[in-house]
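A quick write-up on the structure given underneath.
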There are 2 protein chains.
Amino acid sequence: MPTDLHPIVPRDPPRTVAAFRDRLRELNGRLPRRLQQCADHVARNLDSIALSTVAQVAQAAEVPPSAMMRFCQIMGFSGYAEMQRLFREALSRGMPDYATRLANLKAGGAGHASTLVAEFVEAGRQSMEALARDLDETSLTQAVDLLARARTIHLAGFRRSFPVASYLSYVFDKLGVAAVLHDGVAGLGQRSLLRPGDALLAITFAPYSEETLALAADARAAGMPVVLLTDPPATRLAPVADIVLTVTEIDFGAFRSLSATIALALSLAVAVAARRDT
Amino acid sequence: MPTDLHPIVPRDPPRTVAAFRDRLRELNGRLPRRLQQCADHVARNLDSIALSTVAQVAQAAEVPPSAMMRFCQIMGFSGYAEMQRLFREALSRGMPDYATRLANLKAGGAGHASTLVAEFVEAGRQSMEALARDLDETSLTQAVDLLARARTIHLAGFRRSFPVASYLSYVFDKLGVAAVLHDGVAGLGQRSLLRPGDALLAITFAPYSEETLALAADARAAGMPVVLLTDPPATRLAPVADIVLTVTEIDFGAFRSLSATIALALSLAVAVAARRDT
DNA sequence: CTGATGATGGAATGTTTATTCCATTTCTCC
DNA sequence: GGAGAAATGGAATAAACATTCCATCATCAG
């Protein structure tokens, strides 16, 4: 008698998307073939549920609708409708008339300040979505490894990359990680601070700043590992860096919001600090 | 015979949300009472249509379902279902499995770098949505007026606000607007640059930096207009500034992505430059 | 005041979609 | 290899929903 296999049987339904994922993981492997097929498909297309009918989801998962219904019940819901409600609520909380508000701001009239806010917010959102979509996790992990091993981290970023570099400098300081911001205030004298065992984190976007590239080349020549944060395609830059992280930042007009770049840079910093502490 | 009032009668349906808005504007004022009520409500809750039934939107608009149906037809659709399809498609294009991707990143494991990226992206998105939602357009316009009249714009921002101030410095330079970044590199000597006819744009978040507040107080004493960019509630700061712009930045861990702050600051800069050129 | 035109609300209808049921197949364990 | 249990697919049913229709009400010109 399989008395300990009853986690399969119903219980009360997940009330958040996170809880839903948990239940999905809990069930993984213990399900019969068709239901596992449902689980796999649903796990990969969570957001399509909010807007699709059972028939559509079932067809996409290549199972009959009745199998999908059983799946919903095993997940703890009374049926598909109840499961769908969870995702619909999550979706409507996600954008609480945000689109409308943006449109209203944009309608404020060309050149008006609130229109600009809407545009920059939109550009920032797209940039961050692109980051989430295209992030190269492998390179990111390697970059963290590499920087975590460095004694001192040197930061390079000029012109529009300077805000990012200076923010990193602040964050590293708060996190207790030794970092030097090469801000060029007193000429290039800081270059003498480059020592074996250090690493360089350089940030530059096309058209690349000469100072940054020169610094990277110097560091490379001195045998220091170099991590480069830039925009794709980074073909020209591959030779001067050990790891290249790319981030697609959407411009509005001539300027970019830097949202995605900062998010990536911050993550890098926090991950490096966490790695060091252990 | 009202031969020129036939724009009310059907034609082919709007195929984009923008076209939908146009048609809405075109119809405005020419509709009988109940239908106008529908139009008003729909205009204000565009995104709720994708997820609601006729009965729900009708109830929210305080009209019977049949009135809502008539409204759909006047908009050019065959009925509510067709109208809803437009918004559902817009919604699913808007987040192309972005939520799923984020969740996958988060699942990478606590402390892992890609998890952090997901968290910072999420925080950034929320911050920007909050900005779009809560932006005080009046204050923004006043700030633009005020800064556009200044001969030179002084920029103050230290610690975590420094990246924003330095980016503004870069942007103003590109835009040909005279601006001075008070970066404190050479002590506080730059204070002597404050002259009548200038204005100060200060950025600071709780806990407020003393330098920034002191500079603002000085500027105020010298009769210069002061615009302050900070987080709500800004009660303590109201006395030292002419205009206070607030922006809610969501933290993740101890750090913030600055997305919303930068978007607002950039908009301010571009609007000021545009105003000056005319 | 009256008749015509248009607007309105609610009940009736038809369609889509979820859900259940059951006959058949597939596994599992002895 | 066979008995029992579980799983499966598809057809039948039920629920939710959109849509239409019509009787009633308001508006306005003459």
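In what follows, chains carry the letters A, B, and so on, assigned in the order in which the sequence lines appear, proteins first and then strands, with residues in each chain numbered from 1.
- Side chain to side chain, B:Q37 and B:R34 meet the donor-acceptor criterion of an N or O pair below 3.5 Å.
- You'll find that the side chain of A:R33 is closest to D:dT8, out of D:dT8, D:dT20, D:dA18.
- Of the listed nucleotides (D:dG9, C:dT17, D:dA18), D:dA18 has the atom at the smallest distance from the side chain of B:T53.
- For the pair A:Q84 CD and D:dC17 C1', the interatomic distance rounds to 13 Å; values are reported in whole Å.
- Atoms CZ (B:F71) and P (C:dA7) sit 15 Å apart, rounded to a whole Å.
- Here the side chain of A:Y80 is nearest to one of D:dT20, D:dT19, C:dT19, namely C:dT19.
- Taking atom CE of A:M68 as the reference point, atom P of D:dT8 lies 12 Å away to the nearest angstrom.
- Rounded to an integer number of Å, the gap from CD of A:Q36 to P of C:dT26 is 20 Å.
- For A:S52 and A:R70, each mapped to the nucleotide of DNA chain C holding its nearest heavy atom, the one lying further toward the 5' end belongs to A:S52.
- A:A81 comes within 4.0 angstrom of the backbone, heavy atoms only, and of no base.
- A salt bridge between B:R85 and B:E82 is absent, with no side-chain N of the basic residue lying under 4.0 Å from a carboxylate O of the acidic one.
- With rounding to whole Å, A:M69 atom CE is found 16 Å from C:dC22 atom P.
- Set against D:dT19, D:dT8, C:dA7, the side chain of B:P32 has C:dA7 as its closest nucleotide.
- Nearest nucleotide to the side chain of B:R34, out of C:dG9, D:dT8, D:dA18: C:dG9.
- Side-chain nitrogen and oxygen atoms of A:Q73 include at least one within less than 4.0 Å of the OP1 or OP2 phosphate oxygen of C:dT20.
- The nucleotide whose nearest atom lies closest to any side-chain atom of A:L35 is, among D:dT8, C:dT20, D:dA18, D:dT8.
- Sequence order on DNA chain D of the closest nucleotides to B:V54 and A:P64 puts A:P64 first from the 5' end.
- In the model, A:N45 has no side-chain atom that pairs as donor or acceptor with a side-chain atom of A:S48 under 3.5 Å.
- When side chains are defined from C-beta on, A:F20 does not count as touching A:P13, because their heavy atoms never get closer than 4.5 Å.
- One atom, CD of B:E82, and another, P of C:dT16, lie 14 Å apart when rounded to the nearest Å.
- Computed from coordinates, the B:L51 CG to D:dA16 P distance equals 19 Å when rounded to whole Å.
- Between the CZ atom of B:R30 and the P atom of C:dA7 there is a distance of 15 Å, given to the nearest Å.
- Counting non-hydrogen atoms of other residues, nucleotides and ligands closer than 6.0 Å to CD of B:E62 gives a total of 12 or fewer.
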